[in-house]
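Below you'll find the structure, written out as structure tokens, and then a few comments.
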Amino acid sequence: MRITEITENKKQYLNLLLLADEQEDMIDRYLTRGRMFILTDGIVKAECVVTDEGEGVLEIKNIATHPRYQRKGYGRALIDFIIKEFAGRYKTLRVGTGESPLTLPFYEKCGFVRAFTVKNFFTDNYDHTIYEDGVQLVDMIYLERAFA
């Protein structure tokens, strides 16, 4: 397993990015300013984009694992890499997600705790209704964890 930073042609991974953020113009808001990492194990299995949000906060804007390789530890490996790679440079790692029974438990198992909510984020910012595991996403739930 290898994790590599992608500095050019980030949109070549658009299909993977769209798994975690299904509207391309929303991805465009952070992709150019974000740092992108891909996890390969023979082939690309997962990706992560992080941004510096100031005041010691690094935010995961997009993290996705190809469906065929989900629940095999690749997403967790990317988060562990981010924690190790950016330790000492940031105080807090933040991630935002919908009220989903799939993603919230994943982040909580990775050591994140709920920090705050942005009401109606998905309904106000996306041009279509978004569902995950049968649940309509309305509010953005932000979770945080301290860097070690």
Side-chain angles (χ1 to χ4, degrees), residues 1-41 43-67 69-126 130 132-133 135 137-148:
M1 180 170 36
R2 191 171 116 185
I3 297 174
T4 308
E5 184 169 6
I6 303 300
T7 58
E8 297 179 356
N9 302 317
K10 295 176 188 175
K11 280 237 179 158
Q12 71 180 310
Y13 300 99
L14 185 61
N15 287 341
L16 199 51
L17 291 162
L18 287 167
L19 290 175
D21 193 345
E22 58 185 67
Q23 191 166 303
E24 188 174 349
D25 70 327
M26 294 296 281
I27 293 169
D28 290 340
R29 292 181 183 185
Y30 56 79
L31 191 59
T32 55
R33 70 181 179 98
R35 293 184 66 183
M36 176 184 243
F37 300 90
I38 60 166
L39 183 150
T40 55
D41 194 2
I43 62 170
V44 176
K45 295 194 172 170
E47 63 75 28
C48 182
V49 178
V50 295
T51 59
D52 182 333
E53 296 300 310
E55 299 182 17
V57 176
L58 184 70
E59 185 171 326
I60 297 172
K61 291 290 193 179
N62 191 309
I63 184 168
T65 301
H66 187 285
Y69 306 109
Q70 291 176 355
R71 294 175 180 74
K72 298 186 185 310
Y74 295 115
R76 177 65 184 251
L78 274 171
I79 288 174
D80 291 345
F81 168 82
I82 296 299
I83 291 288
K84 183 178 176 186
E85 181 73 14
F86 293 97
R89 291 187 267 172
Y90 293 91
K91 294 183 227 171
T92 304
L93 182 60
R94 177 183 294 158
V95 63
T97 189
E99 187 83 38
S100 167
L102 294 177
T103 54
L104 286 172
F106 166 74
Y107 290 120
E108 289 166 345
K109 286 179 187 172
C110 291
F112 289 85
V113 295
R114 289 181 187 224
F116 61 95
T117 300
V118 176
K119 294 287 188 189
N120 302 315
F121 179 86
F122 291 99
T123 53
D124 290 348
N125 291 287
Y126 285 80
I130 299 175
E132 187 170 299
D133 198 33
V135 174
L137 304 185
V138 177
D139 301 333
M140 176 77 81
I141 311 299
Y142 280 95
L143 300 100
E144 296 179 344
R145 68 169 281 178
F147 277 91

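Keep in mind it's a predicted model, so treat the numbers as computed, not measured.
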Check against salt bridge (Lys or Arg N to Asp or Glu O under 4.0 Å), K84 and D80:
CA-CA 6 Å; K84 183 178 176 186; D80 291 345; over 6 Å; no
So E5 and T7, side chain to side chain donor-acceptor pair (under 3.5 Å) or not? Walk me through it.
CA-CA 6 Å; E5 184 169 6; T7 58; over 6 Å; no
Do you know the tightest heavy-atom contact between G34 and T51?
CA-CG2, 3.7 Å
Do V138 and N120 have side chains that get closer than 4.5 Å, going by heavy atoms?
yes
So, taking the atom named NZ in K45 and the one named OH in Y74, what distance separates them when rounded to the nearest 0.5 Å?
3.5 Å
Is the shortest distance from a Lys or Arg side-chain nitrogen in D52 or R33 to a carboxylate oxygen in the other one below 4.0 Å?
no
Side chains of V50 and K61: does their closest heavy-atom pair fall under 4.5 Å?
no
Would a 4.5 Å heavy-atom cut-off, applied to side chains only, mark F147 and T92 as touching?
no
Are any non-hydrogen side-chain atoms of M1 and L39 less than 4.5 angstrom apart?
yes
Reported CE-to-OG1 distance for the pair M140 and T97, which is rounded to 0.5 angstrom
7.5 Å
Taking NZ, NE, NH1 and NH2 as the nitrogens, is one of them in D25 or R29 under 4.0 Å from a carboxylate oxygen of the other?
no
Which heavy-atom pair separates A64 from A20 by the least distance, and what is that distance?
CB-CB, 3.9 Å
Would you say L104 and L143 make side-chain contact, with heavy atoms under 4.5 Å?
yes
For R2, I'd like to know if atom CZ has over 12 heavy atoms of other residues, nucleotides or ligands within 6.0 Å.
no
Taking D139 for the side chain and T117 for the main chain, is one N or O donor matched with an acceptor at less than 3.5 Å?
no
One thing to verify: whether R114 and E99 come together as a salt bridge, which I'm taking to mean a side-chain N less than 4.0 angstrom from a carboxylate O.
yes
Give me the atom names and distance for the closest heavy-atom approach of D133 to P101.
OD2-CG, 3.5 Å
Calculate, to the nearest 0.5 Å, the distance between atoms CG and CG belonging to L19 and L14 respectively.
10.0 Å
Centroid separation F81 to F37 less than 6.0 Å
yes
Under the criterion side-chain contact (heavy atoms from CB on, under 4.5 Å), I'd like the reasoning laid out for R94 against F116: C-alpha separation, chi angles, the key distance, then a yes or no.
CA-CA 11 Å; R94 177 183 294 158; F116 61 95; 3.8 Å; yes
Donor + acceptor pair across side chains of D21, Y126 (<3.5 Å)
yes
Parallel, tilted or perpendicular: rings of H66 and Y69 (30°, 60°):
tilted
When rounded to the nearest 0.5 angstrom, what distance separates CG in L102 from OH in Y107?
11.5 Å
side-chain contact (heavy atoms from CB on, under 4.5 Å) between F86 and R35, worked out
CA-CA 12 Å; F86 293 97; R35 293 184 66 183; 3.3 Å; yes
So, the side chain of Q70 versus the backbone of T65: is there a donor-acceptor pair under 3.5 Å, distance only?
yes
To the nearest 0.5 Å, atom CZ of F112 lies from atom CD1 of I60 at 4.0 Å
Can you check whether Y30 reaches N62 side chain to side chain, under 4.5 Å on heavy atoms?
yes
Under a 4.5 Å cut-off applied to non-hydrogen side-chain atoms, are Y142 and V118 in contact?
yes
Looking at F122 and L137, what are the two nearest heavy atoms and their distance?
CB-O, 3.3 Å
Taking 4.0 angstrom as the limit, do E24 and K11 come out as a salt bridge?
yes
Closest non-hydrogen atom pair between L78 and A46, with its separation:
CD1-CB, 3.6 Å
Check the pair V44 / Y13 against side-chain contact (heavy atoms from CB on, under 4.5 Å), numbers first and verdict last.
CA-CA 9 Å; V44 176; Y13 300 99; 4.0 Å; yes
Do the side chains of C48 and I82 get nearer than 4.5 Å, heavy atoms only?
yes
Between the main-chain N or O of L31 and the side-chain N or O of K10, is there a donor-acceptor pair closer than 3.5 Å?
yes
Rounded to the nearest 0.5 Å, what separates atom CD1 in I130 from atom CZ in F121?
9.0 Å
Please indicate whether R89 has more than 12 foreign heavy atoms, meaning atoms of other residues, nucleotides or ligands, lying under 6.0 Å from its CZ.
yes
With the threshold set at 4.0 Å, does a side-chain nitrogen-carboxylate oxygen contact exist between E108 and R145?
no
